[in-house]
Amino acid sequence: MVAHSSSHGAAAHSSAPHSVSAHGSTPRSTSSTSARSTASTSARSSEAAPTSFEQILLHTALFEHVSAEDARQLLPYLQRKTFAKGEYIFHEGDEDTNMYIIEHGRIKLTRESYDQRVQLLSIWGAGEIAGEIPVFDPHGGPRTASAVSMVHNTTTLSLTSEVLFSWLGEHPRVAVNMLQVLANRLRKNNVRISELVFMDVPARLAKTLLDLAKRFGEPSVQGLVVPHDLTQEELAQLVGTSRETVNKALMDFTNRGWITREGRTIIIYQPGNLILRARH
């Protein structure tokens, strides 16, 4: 069973309003007896219905091949925190080694330049993981990005590197699965770099809208409703262009009848045309 860490996966932003462990309290003992007891309890309850925390773990890419029984061993070490819109989950430069699973809501990863300009790097939603780099590279330096809650009541579950690696020592097959997931992220980053070089702005915008629709879209009688919660400047940063250029492309899509805009929500009427535009 995993060894207990004194940090309990606490978030870097200690002022978060709510913080409880997955079982309502933090495990107190680090002894091998306690570990064996926890493992025994997990084995006895292996036929029980999965808890909401188990469901989150089992539907997260890094843990999707983990059995419910094995996932239960991590539950006492998950630290749950809820954040208001605009609140930081962690800051660029922090030196913690926690990994964050998004239980509810949405966060954005940003990076700040020396002259205080902010660049949006990516968006992550429920069931996805953020801040995993320091966990797998604990000696690689401080965090290279900040994570900010995009909506009210964004809830995360954090896990320390010490607990995770202790658990992985008993589940080496899961470590292989995690390497595959991390390799997939690296592959996507390489594709994104290629798109910035070879695709024009309308194509990148079409692909960005389709990606947001796939992850956050909600079908309606009007079309596919995509509440992206981004300013036009942030959307431009996600596409990798200026606000003026992305606005011009959005107007073109609107005039063609492919989409319409309602504040920070986009309704997609013709996803097929966006797919075609993303390919050219």
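Every heavy atom of this structure was used, including side-chain atoms; hydrogens, water molecules and symmetry mates were not.
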Where is the tightest heavy-atom contact between [X] and [Y], given as atom of each residue plus distance?
X      : Y      : answer
Thr154 : Val151 : OG1-O, 3.1 Å
Met150 : Leu230 : CE-CD2, 3.6 Å
Thr265 : Pro227 : OG1-CA, 3.6 Å
Leu224 : Ala213 : CD2-CB, 3.5 Å
Leu212 : His228 : CD1-CB, 4.1 Å
Pro172 : Gly169 : CD-O, 4.2 Å

Given side chain to side chain contact (heavy atoms under 4.5 Å, CB included), test Ile89 with Ser149 step by step and report yes or no. CA-CA 7 Å; Ile89 289 88; Ser149 170; 4.1 Å; yes

Without swapping roles, check the side chain of [X] against the backbone of [Y] for a donor-acceptor pair under 3.5 Å.
X      : Y      : answer
Gln237 : Leu120 : yes
Asn273 : Gln270 : no
Asp94  : Phe90  : no
Thr245 : Thr241 : no
Ser146 : Glu92  : yes
Arg243 : Ala236 : no
Ser166 : Val163 : no

Working for side chain to side chain contact (heavy atoms under 4.5 Å, CB included), residues Glu128 and His59: CA-CA 9 Å; Glu128 296 181 308; His59 287 84; over 6 Å; no

Transitive ILVMFWY side-chain link [X] to [Y], under 4.5 Å:
X      : Y      : answer
Phe216 : Leu250 : yes
Leu209 : Met199 : no
Val118 : Leu109 : no
Ile129 : Leu168 : yes

Tell me whether [X] is salt-bridged to [Y], with the criterion being a basic N under 4.0 Å from an acidic carboxylate O.
X      : Y      : answer
Glu95  : Arg143 : no
Glu112 : Arg117 : no
Asp211 : Lys207 : no

Can you list the steps and then say if Phe83 with Tyr88 is a ring-ring contact (aromatic ring centres under 6.0 Å, His included)? CA-CA 8 Å; Phe83 301 86; Tyr88 281 79; 10.0 Å; no

Does atom CD1 of Ile133 have more than 12 heavy-atom neighbours from other groups under 6.0 Å away?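 For Ile133, atom CD1 is not crowded (no more than 12 foreign heavy atoms under 6.0 Å).
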
For Asn190 and Arg185, does a side-chain donor sit closer than 3.5 Å to a side-chain acceptor? no

With sequence neighbours excluded, what pairs up with Asp229 under the salt bridge (charged side-chain N to carboxylate O under 4.0 Å, His left out) test?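 In terms of salt bridge (charged side-chain N to carboxylate O under 4.0 Å, His left out), with neighbours along the sequence ignored, Asp229 is linked to Arg106.
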
Going through the checks in order, is the side chain to side chain contact (heavy atoms under 4.5 Å, CB included) test met by Asn98 and Leu159? CA-CA 6 Å; Asn98 299 331; Leu159 193 65; over 6 Å; no

Once you measure the plane-to-plane angle for Trp167 and Phe63, does it fall in the parallel (<30°), tilted (30-60°) or perpendicular (>60°) bin? tilted

Starting from the C-alpha separation in whole Å, work towards a yes-or-no answer on salt bridge (Lys or Arg N to Asp or Glu O under 4.0 Å) for Arg277 and Asp200. CA-CA 10 Å; Arg277 187 61 185 87; Asp200 62 12; 2.8 Å; yes

